[in-house]
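Shown next, in structure tokens, is the structure this report addresses.
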Amino acid sequence: MFALADCNNFYASCERVFNPALRNRPVVVLSNNDGCVIARSQEAKQLGIRMGVPAFQIEKLLTDHQVAIFSSNYALYGDLSVRVMNTLASFAPSIEVYSIDEAFLDVSGIREEELEPLARRIRQTVLKNTGIPVGIGIAPTKTLAKLANRMAKKTREAVFILRKEEDIRKVLSETSVSDIWGIGNQHARFLNQHGMVSALDLTAAPDEWIRKNMTVVGLRTKKELEGTPCISLEEMVPDKKAICTSRSFGVPQKELQQLEEAVATFTVRCAEKLRQQHSAATKIMVFIHTNAFRADQPQYARNRVITLSPPTNNSIALVKAAVAGLRAIFRKGYLYKKAGVIVTDFVPETEIQQEIFAVQASPRMKKLMESVDKLNRENKTTVKIATQGSGRDWKLRQERLSPGYSTRWGEIMAEGNCEIRAYSYSI
DNA sequence: TCTGGGGTCCTAGGACCC
DNA sequence: TCTGGGGTCCTAGGACCC
């Protein structure tokens, strides 16, 4: 049996933990650049605010209902996530942290009548320890646990056990295919076209047909819905196979120099992530593009892949390559909205094929990077590469950022700087 | 005016090998 | 006119997730 614990309206709940004045008030959290709504409190959902809607399109609604609006504060959400996961981990022999706000727990071997009390206990403890409300679904497969979790939300019970065959049948018949974990937009439409509307309809289709039309991935989903586990608990977080750092700019950029500073900064971030997992990259791609939403402006989008020889995780070498790539694709006369860097084709850093005359992989360079990482642990801007520049002309728009309550000494909640603010939307 | 960021897996088809 | 059989590796594109 698997339990799926899912934080309710996670980012919105995080904002509330340190700001009780927000209770019972509609709260939304915006994506980077204060662009789209990416989290909504229950009250905000009831106002009809849809997931992913651009904030500017619902400006009036937000003002009229005094919705509290926040820029995303990933330092805060990441920190609270760790606390939630630590609490969850104390309840099960193994746990898979599936995303920032979700975890699967192994609850096999627990007597049927014990499942619900356990779930309630988990929920109470997480709430007490962190202030974050979670919903819990329990079922024989991960896909069914996802459905159970959905039912927990739907019924407002916060806990839902899906075990008996007749219960499973009933839930499947009431769930549309688009609400199944693993069935996205394309497949949902495809299934509908073939007359399959509910999850139960999907389970009635022949295996071979599913396999032919939806690959083995679709077949696994079907089996999981039938109660046969095909997706196991992944406790170990595997190393990444690709690492990407990209941002949209608060203000469109037209000069090469600003783009170079941004690309250098993204590259350094990728290099840090590479070193964290002890990988070195063989390829680096840099991309830039204009704002595709602006049909009235000239459009331009290019990327360039550069092969790194030898493979490296050295910030200096990577920045050199990325900037060279950028210079090759940059064209004057466009308003660039976004840039990014992706590193791929990793090898373990201990297995880099050395080349004659290679400076980058020298032991001194490795030590230098280690020292830089150490110095930057507290503050990311302690040591920078000159190409990153000193300004951040390309920075994000973040006009409604909440304090780093739990991650920055200067912003911690304490007498003297305990200023509880209620934000309302006005431009 | 204003529209996010970061990943994974699978398959088909082409290039290439003997 | 006729034109083999069997394999691997790589990549692009499409699907999905949060």
Side-chain angles (χ1 to χ4, degrees), chain A residues 4-7 9-11 28-39 50-60 62 69-74 77-78 81 96-104 142-143 146 149 177-191 210-221 224 230-231 234 237-252 266 269-270 273 277 282-283 285 287 289-297 303 305 307 335 337-346 396-400 425-427:
Chain A
L4 175 64
D6 183 320
C7 300
N9 318 323
F10 184 53
Y11 298 169
V28 298
V29 178
L30 304 180
S31 61
N32 275 345
N33 277 315
D34 297 345
C36 300
V37 172
I38 54 167
R50 283 168 303 123
M51 185 68 171
V53 68
F56 74 88
Q57 288 179 2
I58 54 165
E59 203 175 309
K60 184 165 185 317
L62 294 170
I69 301 156
F70 293 91
S71 305
S72 19
N73 184 345
Y74 290 107
Y77 314 149
S81 172
E96 171 186 346
V97 177
Y98 178 65
S99 74
I100 194 164
D101 70 335
E102 278 174 74
F104 289 101
K142 284 166 86 173
T143 306
K146 272 272 191 185
N149 187 284
V177 287
S178 59
D179 291 323
I180 301 168
W181 184 49
I183 306 290
N185 235 320
Q186 299 297 317
H187 283 148
R189 209 178 330 140
F190 176 78
L191 290 170
I210 298 284
R211 185 179 173 117
K212 183 164 155 275
N213 292 291
M214 298 166 68
T215 79
V216 65
V217 183
L219 186 56
R220 276 203 285 261
T221 298
E224 284 247 321
C230 298
I231 308 173
E234 309 280 343
V237 182
D239 280 350
K240 301 230 180 304
K241 297 174 176 177
I243 292 172
C244 171
T245 306
S246 73
R247 291 290 179 278
S248 298
F249 304 130
V251 178
F266 303 157
R269 200 69 259 289
C270 284
K273 295 181 199 168
Q277 68 169 41
T282 307
K283 285 182 181 163
M285 180 174 99
F287 66 87
H289 62 77
T290 50
N291 187 347
F293 288 105
R294 295 293 301 265
D296 57 320
Q297 291 176 354
N303 68 66
V305 178
T307 300
L335 287 169
K337 179 61 178 170
K338 183 168 179 171
V341 172
I342 306 173
V343 285
T344 56
D345 298 75
F346 301 161
L396 296 173
R397 198 164 72 128
Q398 276 187 320
E399 291 172 356
R400 297 154 185 289
Y425 199 80
S426 59
I427 292 178

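This structure is a prediction, so every number in the text was calculated from the model and none was measured. Labels below follow one simple rule: chain letters A, B, ... track the order of the sequence lines, proteins then strands, and each chain is numbered from 1.
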Quiz item: Do side-chain atoms of A:Glu224 reach the backbone of A:Thr143 as a donor and acceptor pair under 3.5 angstrom?
Solution: yes
Quiz item: Under 4.0 angstrom, heavy atoms only, what part of the nucleic acid is A:Val216 near: base, sugar-phosphate, or nothing?
Solution: sugar-phosphate
Quiz item: For A:Asn149 and C:dC17, what is the distance between atoms CG and P respectively, to the nearest whole Å?
Solution: 15 Å
Self-check item: For atom CZ of A:Phe10 and atom C1' of C:dC18, their distance in whole Å
Solution: 12 Å
Quiz item: Is the distance from OP1 or OP2 of B:dC9 to the nearest side-chain N or O of A:Arg220 less than 4.0 Å?
Solution: no
Self-check item: Nucleotide nearest A:Gln186 (side chain, heavy atoms from C-beta), chosen from C:dC17, B:dG6, C:dC16
Solution: C:dC16
Quiz item: Should the heavy atoms of other residues, nucleotides or ligands under 6.0 Å from CZ of A:Arg211 be counted, would the total exceed 12?
Solution: no
Quiz item: Can you find a side chain N or O atom of A:Ser248 that sits less than 4.0 Å from OP1 or OP2 on B:dG5?
Solution: yes
Practice problem: Name the nucleic acid region contacted by A:Ile183, choosing base, sugar-phosphate or nothing; use a 4.0 angstrom heavy-atom cut-off, strictly under. | Solution: sugar-phosphate
Practice problem: Name the closest nucleotide to the A:Lys241 side chain, picking from B:dG6, C:dC18, B:dC9. | Solution: B:dC9
Quiz item: How long is the line joining CZ of A:Phe249 and C1' of B:dG4, in whole Å?
Solution: 14 Å
Quiz item: A:Lys240 NZ to B:dG7 P: how many Å, rounded?
Solution: 6 Å
Quiz item: With respect to the phosphate group of B:dT3, does any side-chain polar atom (N or O) of A:Lys338 fall under 4.0 Å of OP1 or OP2?
Solution: no
Quiz prompt | Integer-rounded Å distance: B:dG7 C1' and A:Arg269 CZ | solution = 15 Å
Exercise. Determine the minimum heavy-atom distance between A:Asp345 and A:Thr282, stating which atoms define it.
Key: O-OG1, 2.6 Å
Practice problem: Check whether any side-chain N or O of A:Arg397 sits under 4.0 Å from OP1 or OP2 of B:dG4, and answer yes or no. | Solution: no
Quiz item: Any side-chain donor-acceptor pair under 3.5 Å between A:Ser71 and A:Gln398?
Solution: no
Exercise. Give me the one residue out of A:Met285, A:Lys283, A:Lys240 that meets side chain to side chain contact (heavy atoms under 4.5 Å, CB included) with A:Thr344.
Key: A:Lys283
Quiz item: Which nucleotide sits closest to the side chain of A:Ala242: B:dT8, B:dG6, C:dC18?
Solution: B:dT8
Exercise. Mind calculating the distance between NZ (A:Lys273) and C1' (B:dG6) to the nearest angstrom?
Key: 8 Å
Quiz item: Does A:Lys146 place a side-chain N or O at less than 4.0 Å from the phosphate oxygens OP1/OP2 of C:dC17?
Solution: no
Quiz item: When you look at A:Tyr77 and A:Val29, which way does the side-chain contact (heavy atoms from CB on, under 4.5 Å) test go after all the steps?
Solution: CA-CA 11 Å; A:Tyr77 314 149; A:Val29 178; 3.3 Å; yes
Quiz item: C:dC16 phosphate, OP1 or OP2: any side-chain N/O from A:Asn185 under 4.0 angstrom?
Solution: no
Practice problem: Give the nucleotide from the list C:dC18, B:dT11, C:dC16 with an atom nearest to the side chain of A:His187. | Solution: C:dC16
Quiz item: Closer than 4.0 Å, any side-chain N/O of A:Lys337 to the OP1 or OP2 of B:dT3?
Solution: yes
Exercise. For A:Leu219, answer base if it contacts any base atom (sugar-phosphate contacts may also be present), sugar-phosphate if it contacts only those atoms, and nothing otherwise; contact means non-hydrogen atoms under 4.0 Å.
Key: nothing
Self-check item: Proximal nucleotide (of C:dC18, B:dT3, B:dT11) relative to the A:Arg211 side chain
Solution: B:dT11
Quiz item: The side chain of A:Trp181 lies closest to which of these nucleotides: B:dG6, B:dC10, C:dC18?
Solution: C:dC18
Exercise. Between B:dC2, C:dC18, B:dG5, spot the one nearest the side chain of A:Asn32, thanks.
Key: B:dG5
Self-check item: Nearest-angstrom distance from the residue atom CD1 of A:Ile342 to P of C:dT11
Solution: 15 Å
Exercise. Could you tell me whether A:Ile243 contacts a base, only the sugar-phosphate backbone, or nothing, with contacts defined as non-hydrogen atoms closer than 4.0 Å?
Key: sugar-phosphate
Exercise. Assign each of A:Phe293 and A:Asp239 to its nearest nucleotide of DNA chain B by heavy atoms, then name whichever residue's nucleotide is nearer the 5' end.
Key: A:Phe293
Practice problem: Identify whether any heavy atom of A:Arg294 sits under 4.0 Å from a base atom; if not, whether one sits that close to sugar-phosphate; answer base, sugar-phosphate or nothing. | Solution: sugar-phosphate
Quiz item: When the distance from CG of A:Asp296 to C1' of B:dT3 is rounded to whole Å, what number comes out?
Solution: 14 Å
Exercise. For A:Cys36 and for A:Ser246, find the nucleotide of DNA chain B with the closest heavy atom, then tell me which residue's nucleotide is more 5'.
Key: A:Cys36
Practice problem: Return no unless some side-chain N or O of A:Ser72 is found under 4.0 Å from OP1 or OP2 of B:dG4. | Solution: no
Self-check item: Selection from B:dG4, C:dT11, B:dG6 that lies nearest to any side-chain heavy atom of A:Thr245
Solution: B:dG6
Exercise. Go through A:Lys142 and A:Glu234 one step at a time and tell me if the salt bridge (charged side-chain N to carboxylate O under 4.0 Å, His left out) criterion holds.
Key: CA-CA 11 Å; A:Lys142 284 166 86 173; A:Glu234 309 280 343; 5.7 Å; no
